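The shown structure was predicted, so the numbers you read here are calculated from the model rather than taken from an experiment. Just so it is clear, the values below take in all heavy atoms, side chains as well, and ignore hydrogens, waters and symmetry mates.
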Amino acid sequence: MEKRLRDYLRHLEKLDYDVISEEEIWEEREGLELRLTEIHQEMVRLLIPMSALLICACIFLGEALNSFSIVQFIAAGVTGLLLLYLALKYKTLFGVTRQLCAYVDKLTLK
């Protein structure tokens, strides 16, 4: 998915916004809206396991602090690391969303 998005961003960078026709603007806007919808769906798909992992990490950490069990400390650390990995993926998608929104603004102003 990331490769397709990079290719699409390169395509948008190559567009000459001064000479683009009104029909081409509408086509590009529809393509951008489709990509943004796809990215937003992927972001929601990441948020669901992130919230589950956050809850699990809190439960494991609470139990670990209650009973001082090393196994539960390890489980809290592992779920925290998985949560961090998903959060980094979410952050990259958020950055791509911001870039695409900037191109939507460029197309809207022309």
Handout entry: Minimum-distance pair of heavy atoms, taken over all atoms of Ala57 and Gly80
Key = CB-N, 4.4 Å
Handout entry: Contact check, side chains of Lys89 and Leu93, non-hydrogen atoms, under 4.5 Å
Key = no
Practice task
Can you measure from NZ (Lys91) to CG (Leu46) and round to the nearest 0.5 angstrom?
Solution key: 14.5 Å
Practice task
Verify the cluster assignment for Ile74 and Ile55: are they in a single hydrophobic cluster under the rule of side-chain heavy atoms below 4.5 Å apart?
Solution key: no
Problem - In one Ile/Leu/Val/Met/Phe/Trp/Tyr side-chain cluster, 4.5 Å: Leu61, Leu81 - result: no
Practice task
Flag the pair Phe73 / Leu65 as yes when at least one side-chain heavy-atom distance between them is below 4.5 Å, and no otherwise.
Solution key: yes
Problem - Heavy-atom side-chain proximity of Leu83 to Thr79 below 4.5 angstrom - result: no
Exercise for the section: Could you tell me the separation between the SG atom of Cys56 and the CZ atom of Phe60, rounded to the nearest 0.5 Å? Expected result: 6.0 Å
Handout entry: From Leu82 atom CG to Met50 atom CE, the distance as rounded to the nearest 0.5 Å
Key = 12.0 Å
Problem - Rounded distance (nearest 0.5 Å) linking atom CD1 of Ile48 with atom CG of Leu86 - result: 12.0 Å
Exercise for the section: Answer yes if the side chains of Gln72 and Ser67 hold a donor-acceptor pair under 3.5 Å, and no otherwise. Expected result: yes
Practice task
Report yes or no: do Val78 and Val71 belong to one cluster of Ile/Leu/Val/Met/Phe/Trp/Tyr joined by side chain heavy-atom distances under 4.5 Å?
Solution key: yes
Exercise for the section: First locate atom CZ of Phe94, then atom CE of Met43, and finally report the distance between them rounded to the nearest 0.5 Å. Expected result: 6.5 Å
Problem - Pairwise distance NE2(His40) to CG(Leu47) - rounded to 0.5 angstrom - result: 11.0 Å
